[in-house]
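Each remark here refers to the structure printed beneath this line.
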Amino acid sequence: MVVAYLLCTPTGHLNAQTRILLCNSIHMNRISLSTANGSGIFARPQFTHLRSLWVSSGGGGGGVSGGSGDGSSGGGGGGSGGEDDGSDWSLLSWYLSLLAKYPVMTKAVTSALLTFVGDVICQLVIDKVPSPDLKRTFIFTLLGLVLVGPTLHFWYLYLSKLIAAPGASGAAFRLVLDQFLFAPIFIGVFLSTLVTLEGRPSDVIPKLKQEWFSSVLANWQLWIPFQFLNFRFVPQQFQVLAANSIALIWNVILSYKAHKQVIAK
């Protein structure tokens, strides 16, 4: 932009004809670059520098960290958002830096937090128990930490490499594999593991017969619309984070299904 301005101003030392040719060349190059980067209406948005953009939006010299890199809010240069906006950007940039440095652990802890809250909500709001069953909540949270978060991380990573097609077609293929191959298997594994860890291994088969299909159906109703948008518009490194925005609702449903009493037949 600066080069274009200098070349196109009449104060330069180039003659008029040369300036016109150079300006036209720069203008055409800019058009060709913006067309070639895949930013058309059906293209996937380019988020390559999204993290850098978010971090640098926090105000203060040198970005939100204020030069120390400790995640604290930047100095006094903060833009129009004030101190509160700076704190919000600081928290977001801190979380994004954890995702970049420790992706598996960060997603695992996030999933654990969501499964913890989901089970507590299920017990207090749906089951209406006077106080939460701490052992139940611990096991449910443990599975979020060691099973759900890490598994989703590596699955989404593999899926993005397996189907690299851009646009709606790539999103549709990823959605089909995610919902009709991975989800039914993973729900079965989750329910089986949970019942076993709760000390009821003999209930695994009856639990699957009673709750597996209805859980898969509920999963399709909730996740298919969301995951299409997730695969279509969200970069791979943020897909688990985006999924967590609706995962709290799913964890409430899953906790209810997982702990529903098995009816003897």
Next item on the list: Scan residues 163-172 for pairs that pass side chain to side chain donor-acceptor pair (under 3.5 Å), counting only residues two or more places apart or in two chains.
Entry: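 Applying side chain to side chain donor-acceptor pair (under 3.5 Å) to every pair that reaches into residues 163-172, excluding sequence neighbours, yields nothing.
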
Next item on the list: Mind jotting down which residue pairs meet the side chain to side chain donor-acceptor pair (under 3.5 Å) criterion with at least one end in residues 186-197? Sequence neighbours excluded, please.
Entry: none

How long is the span from the [atom1] atom in [X] to the [atom2] atom in [Y], to the nearest 0.5 Å?
| X | Y | atom1 | atom2 | result |
| --- | --- | --- | --- | --- |
| Leu96 | Trp94 | CG | CH2 | 11.0 Å |
| Lys161 | Leu159 | NZ | CG | 12.0 Å |
| Asn219 | Gln227 | CG | CD | 8.5 Å |
| Thr115 | Phe190 | OG1 | CZ | 7.0 Å |

Next item on the list: Output all residues satisfying side-chain hydrogen bond (donor to acceptor under 3.5 Å, both in side chains) with Trp220, sequence neighbours left out; order by chain, then residue number.
Entry: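 Here no residue qualifies.
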
Note to self: Could you work out, with side-chain hydrogen bond (donor to acceptor under 3.5 Å, both in side chains) as the rule, every residue matching Tyr102, not counting sequence neighbours?
What the structure shows: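 Expected list: none.
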
Partners of [X] by side chain to side chain contact (heavy atoms under 4.5 Å, CB included), sequence neighbours excluded?
| X | answer |
| --- | --- |
| Asp127 | Cys122, Gln123, Val129, Arg136, Tyr256 |
| Leu145 | Ala108, Val109, Ala112 |
| Ala218 | Trp250, Ile253 |
| Ser202 | none |

Any donor-acceptor N/O pair, [X] side chain to [Y] backbone, under 3.5 Å:
| X | Y | result |
| --- | --- | --- |
| Lys207 | Ala258 | yes |
| Ser111 | Lys107 | yes |
| Gln210 | Ile263 | yes |

Of the non-hydrogen atoms in [X] and [Y], which two are nearest, and what is the gap between them?
| X | Y | value |
| --- | --- | --- |
| Arg174 | Ser160 | CD-CA, 4.5 Å |
| Pro103 | His153 | CB-CE1, 3.8 Å |
| Gly118 | Val252 | O-CG2, 3.6 Å |

Same hydrophobic cluster for [X] and [Y], using side-chain heavy-atom links shorter than 4.5 Å among ILVMFWY?
| X | Y | value |
| --- | --- | --- |
| Leu134 | Leu197 | no |
| Tyr156 | Ile224 | yes |
| Phe226 | Leu248 | no |
| Leu229 | Val176 | yes |
| Phe140 | Leu124 | no |

Notebook entry, point to check: In a check of side-chain contact (heavy atoms from CB on, under 4.5 Å) between Val117 and each of Val120, Leu114, Ile121, which one passes?
Noted result: Ile121

Item checked: Contact list for residues 106-136, test ring pair (Phe, Tyr, Trp, His ring centres under 6.0 Å), sequence neighbours left out ->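 Non-adjacent pairs meeting ring pair (Phe, Tyr, Trp, His ring centres under 6.0 Å): zero.
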
Margin query: Side chains of His259 and Leu194, heavy atoms from C-beta outward: is any pair under 4.5 Å?
Written below: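 With C-beta onward as the side chain, the pair touches.
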
Check: Are Leu222 and Ile246 close enough that some pair of their side-chain heavy atoms sits under 4.5 Å apart?
Finding: yes

Next item on the list: Would you sort out whether Thr137 and Asp119 count as a side-chain hydrogen bond (donor to acceptor under 3.5 Å, both in side chains), showing the intermediate values?
Entry: CA-CA 6 Å; Thr137 301; Asp119 185 65; 2.7 Å; yes

Checklist line | Side-chain donor-acceptor pair present, Trp223, Asn230, cut-off under 3.5 Å | finding: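 No pair is found: no donor N or O on one side chain lies under 3.5 Å from an acceptor on the other.
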
Item checked: Any pair counted as salt bridge (charged side-chain N to carboxylate O under 4.0 Å, His left out), so long as it reaches residues 188-201, sequence neighbours left out ->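 Applying salt bridge (charged side-chain N to carboxylate O under 4.0 Å, His left out) to every pair that reaches into residues 188-201, excluding sequence neighbours, yields Glu198-Arg200, Arg200-Asp203.
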
Next item on the list: Could you walk me through whether Leu113 and Thr110 pass side chain to side chain contact (heavy atoms under 4.5 Å, CB included), step by step?
Entry: CA-CA 5 Å; Leu113 178 62; Thr110 303; 5.8 Å; no

Item checked: Chi angles and distances behind the side chain to side chain contact (heavy atoms under 4.5 Å, CB included) call for Leu191, Leu208 -> CA-CA 7 Å; Leu191 291 175; Leu208 292 177; 4.1 Å; yes

Next item on the list: Can you sort out the partners of Trp212 under ring pair (Phe, Tyr, Trp, His ring centres under 6.0 Å), two or more places apart, ordered by chain and number?
Entry: none

Item checked: Shared-cluster residues of Val104, by chain and number - hydrophobic side chains joined below 4.5 Å -> Phe154

Checklist line | Leu162 vs Leu177, side chain to side chain contact (heavy atoms under 4.5 Å, CB included): CA-CA, chis, key distance, verdict | finding: CA-CA 10 Å; Leu162 179 65; Leu177 287 180; 3.8 Å; yes

Notebook entry, point to check: Once the angle between the rings of Phe182 and Phe186 is folded into 0 to 90°, is it parallel (under 30°), tilted (30 to 60°) or perpendicular (over 60°)?
Noted result: parallel

Margin query: Run the side chain to side chain contact (heavy atoms under 4.5 Å, CB included) test on Phe228 and Phe233 for me, step by step, so that the C-alpha distance in whole Å, both residues' side-chain angles and the decisive distance to 0.1 Å come before the verdict.
Written below: CA-CA 8 Å; Phe228 177 79; Phe233 296 109; 5.6 Å; no

Margin query: Can you confirm whether more than 12 heavy atoms, excluding those of Phe180, are under 6.0 Å from its CZ atom?
Written below: yes

